[in-house]
A.B. asks: 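Structure in structure tokens, see below.
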Amino acid sequence: MDVFIKASQILSSETDLKQLLIKMMELLKSNAGADKIVLILKENELWSVQALHGVLTKNNSTLVKQIFDLESIKDDLIPETIFNYCGRSKEALVIENAEIDERFAKDKFIQTSKIKSIACIPIMSHGELMAMVYLENGKLENVFKQERIEFIKYLSSQFGISAENALLYKKLNKKVFDLKKVQERYELTIAGSSSGLWDWDLQSEKVYYSNRFKELLGYKPEDISDSLDEFMVRLHPDDLKDVRRAIDKHLEEGIPYILDYRLQIKNNEYKWFHARGQAFWDETGKAIRMSGSITDITQRKKTEVDLKISEERYKLAVEGSNAGIWDYNIESGEIYYSDRFNEMAGYKPQEMQDTVETAFNRIHPDHRDKAILALNQHLERKTPYYSIDYLGQTKSGEYRWFQARGKAIWDENGNATRVAGSFIDIHDQKEAGEKIIKSEERFKQLMEQSPLAMELLSPDGKINSVNSAWKKLWKVSDEEAAKTIEKYNMLSDPQLEKLGVMEEVKKAFKGKHIIMPPVKYDTGQAKDDFGIKELKSFRSPWVQCHLNTVKDANGAIDYVVNTYVDITDLKETEETLGKSEERYRHLVEHSPLSVAVLSPDGKIIQVNAAWKKLWGFNDKEAAEVMASYNYFDDKQIKDLGYAPLLERASKGENIIMPLIEYELKQTIEDLKLEEIKSHVRWIQTHVFSVKNANGEIDSIVGINMDLTEFKRVEKEVQQQHNVLSRIDRASRMGQLTGSIAHELNQPLTGILSNAQAAELMLKNKRWDEADFKEILAEIISDTKRAGDVIRNLRALFQKQKIDVFPIEINTTLKEVENLLHSEFVIKDIDLTIQDAPSLPMIMGNSIQIQQVLVNLIMNGIQAMDFMEREERKLLIIISSDANEVKVLVEDKGKGIKPEIIDRIFEPLATWKPDGTGMGLAISNNIIATHGGRMFAENRAHGGARVGFTIPVIKEKEL
Amino acid sequence: MNEQTVFIVDDDSSVRKGLTRLIRVAGFNVESFASAREFLNSEHLERPGCIILDVQMPEMTGPELQEELGKTQNCLPIIFLSAHGDVPITAQAMKNGAVDFLTKPVDGTDLIEAIQISLEKNRIILVKNKERIVINEKLNTLTPREYEVMTYVITGMLNKQIAGDLNISEETVKIHRGRVMHKLEIVSVSELVRICEVIGISPAKELNI
């Protein structure tokens, strides 16, 4: 509505026709959506183009304003048919597409100009056509939509009123001009005439009046004596006071004696005279005489009065921007109404006679107090104008909308003496406004009653209003809704950004009709985002938003209507259903096992990524294969004699197909998809069917286990088992060489030093027997120690026939501990051994058991390589029960990776960068041959625990 | 207590026993320690002698002990003994001032030679230390101006030049110079230069000739 008010303010404030036209054109340009605008005006029965926009002349310059006669208007600017139609019907005409409109398509102008949209709005004044607004758009159809036309009509009516005022102003202006001319003429006359002279002797009271003076009063020289009374009796009684005062002031204060007064002439009429005078004083300062002149200014005075009256009226009229004129003389209580005023109220000229009271009685009771108040406020100078829109009663008794404006004149004491102003019939204009208000109200009402939640958003994203369904949707109270409206802004809602719909929202705010994807809107989040702390009760539903825009006449977005469809129930159902489906799909897609879902007749419906990877297909190739393959027609499977298995699977049985070496190449050839490359894979397929709710087979699922790698490894392992085993020993050897050297070098140092000491003693011939005994004892001990090292090494690294003996695990462990002593020292391993005091014997080969222990301990040590030295703790726990002896080696490292923990005893499974992956496998073999088992697990607080059990020897076995 | 002693630090008792005996028979005082920590905590660090140090030991290794001793400005030379011929460790140990790096089992002749070199080195260090202490005591008697003049004298500048640089008269320089010589109980400039070298006093400036 703002734009209406603004437009009417712009137009009604203008009284100059030229300015009014410029403003009207500006409004039309920015609001009408036309690429050509012509405004024509009828004045004195003649049409003239007053303003133009977007019209090209022959030399391509845009015409601004030019006055044409009617003929050229028709030819150049406005289609004749349209002009005639509107002139006749006096109704607005809107054409969606002139080229196909039967009524006007034949018009020469339309044909040649190729115009699409046309609108022509006549402007009426007192039932007479006074102007026309012609709009066209040559490019777009149906530009002048209903709401736009409503607005232009409104503009036009406002323009009509103001144009009328402007024309009135023009006439008044002319009158003033005429009056001024008269004045000028008169002044010229005065200048040419001579004045009457007077000379007053203050002592004798005698006055000399010149012949001209007497003549001015219509007398002959002998008719008037030289008495002061001659003057005084003829002076107008009203002026007597002024003259006396003027004389006194001149004589006493020296203020120039200049004033106008009336004198009665011979025919008893009064004439206006302009008098000037000058006194003469004697040496004592006493005035002795005074003389001066008078000139007849009756004509001028008369003109002046006339001028003043009309000037005031005119001024008031102009200030009030009027149509009818009223003039209220406060002193006399008289009210003057112009003829037009009478006419507008349905009266004959001068019919209406009012006092203040009766004048206000013409105002509708609802508006009366307002009008009186407005007038009083103006009279008290609180408002610059008296201005009011009101319903006024016309002669017929009906009420019409009028706009009254006025301005008071105050006398020098500040008392208002007159109020005058204008009076306009704004009924049509008001009605149009009301209509628009009504339609907006109607829309608001519809919105309010809508079962769908709706909100009106202003173009900046703020909520304008919401309906009750909206409050219901978010489960908020009126108060909470009000707070939300106050703080929320759709365009800066981070949640919409997060939900990825902000782009859509922005498009909607640019005028696109948007249906947004369903989103679960978290109102709690919005509450935080916008700090709507008042929001207590709310819900966060699944909603789908429809965003529409409502544009104003200008084509700019007035507001965005957001309609919510609550799909929470739907979504929740969907979600519960979808979740299991989704989960299943996800599982299938991301399964490391290759999965193919088949229809009951054997066609592939779905495959997962692992399936494509298994066969080395890209998406396109996979699609081609899927399109042509049928499981039941697979030649390879048939040839292998597995067709019956498939048959059973398709009937609902759960079948694990035998391991086959599948040559896809052959299948690809069978399918005539030669260009697709393919692999040979060892696969074992697990086939089972999925049934629907009715127990019918919905689909068949084939899971392929790719055992190619396994097969390859198996083969290699078979071939190279012995080699690998030796390699492992050799590498173990390499790792241990340093330690072995160390272990040997220590006793050797002792031996050598002792031997050389003995040598020196002999050389120096300084020794005793005790020295030599000690030296020899130490040499023997060191030699034995070195011998042990060698023996243990031989036992570990040389192939031996596996002989088993009853052994005690503690002893074996001690031997290993000695063997690895330097390893513990170098790596700073804090070794703790928890052994049971008495352990049952086991049957085994101690060298092989040592090998296992060395393996486990070395693994444990390596697992802690990355750790700080003080944190490297290795724990060996030995325990037993009636059946078996158990050995556990625990480290504090990172533990075994979960993905390999199940296969850790398989060949080649390793978690060490430089490991062969054979150590645990060999250990496993050894323990297995001893009738025991190995196990590996991760400890709850970090590190791995690997160990083995070996059965104890039962009483009878011993 | 002023007699030099060979300190053996090794965690292996066979090695300790054998070496102790050999070195004692060769005519040296010997004491052995089973770990680096044990040696560090002993009160022998101030004593003259040398160390025979095992590389691989639990808790604190030989090189770690070397580093620790380096921090205390200890002047016991070190002979490393290792059961491994680990090149990087050897290089680092030598760089850090070890006298020798021998591998086990070590030949007695090599070891005793290394011990003799080490003990000689130890002796020289001790003598120098002693001299340094004496010189420092004398230097402490110099006034700041005398000290300053001394740093000019050792550049080889003439008295006249020194006077110019210090903005004093040549006569004054001569007096200061005489007092420096007197206090340090020397007669020649070359002696003064040597003393300054021992203590590490650098000349006031490089003389451009």
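In the text below, chain A, chain B and the rest are named by the order of the sequence lines, each starting its count at 1.
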A.B. asks: Should we count CD of B:Glu67 as having more than 12 external heavy atoms under 6.0 Å?
C.D. replies: no
A.B. asks: Looking only at heavy atoms, which two atoms of A:Asn745 and B:Pro105 are closest? And how far apart?
C.D. replies: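 The answer is OD1-CD, 3.6 Å.
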A.B. asks: Examine whether an atom of A:Gln746 lies under 4.5 Å from a heavy atom of chain B, and if so say whether it belongs to the side chain, the backbone or both; otherwise answer neither.
C.D. replies: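 Both parts, heavy atoms under 4.5 Å.
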A.B. asks: Quick check on A:Arg785 against chain B: is it the side chain, the backbone, both or neither that has a heavy atom closer than 4.5 Å?
C.D. replies: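 Contact with chain B is through the side chain of A:Arg785 alone.
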A.B. asks: Is the number of heavy atoms from other residues, nucleotides or ligands under 6.0 Å of A:Lys814 NZ greater than 12?
C.D. replies: no
A.B. asks: Any chance you could measure A:Leu748, atom CG, to B:Lys104, atom NZ, to the nearest 0.5 Å?
C.D. replies: 11.0 Å
A.B. asks: Quick one: closest heavy-atom pair of B:Ser14 and A:Asp782, and the distance?
C.D. replies: OG-OD1, 2.6 Å
A.B. asks: Does any non-hydrogen side-chain atom of B:Asp107 lie less than 4.5 Å from one of A:Gln756?
C.D. replies: yes
A.B. asks: Heavy-atom cut-off 4.5 Å, strictly under: side chain, backbone, both or neither for A:Leu752 against chain B?
C.D. replies: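 For A:Leu752, the contact with chain B is made by the side chain alone.
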A.B. asks: Return the CD1 to CG distance between A:Ile775 and B:Leu22, rounded to the nearest 0.5 Å.
C.D. replies: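 Answer rounded to 0.5 Å: 9.5 Å.
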A.B. asks: Where is the tightest heavy-atom contact between B:Leu19 and A:Ser753, given as atom of each residue plus distance?
C.D. replies: CD2-OG, 3.2 Å
A.B. asks: Run B:Ile112 and A:Leu760 through side chain to side chain contact (heavy atoms under 4.5 Å, CB included) and show every step you take.
C.D. replies: CA-CA 12 Å; B:Ile112 285 159; A:Leu760 260 180; 4.1 Å; yes
A.B. asks: For the NZ atom on B:Lys183, are there more than 12 heavy atoms of other groups (residues, nucleotides or ligands in this structure) within a distance under 6.0 Å?
C.D. replies: yes
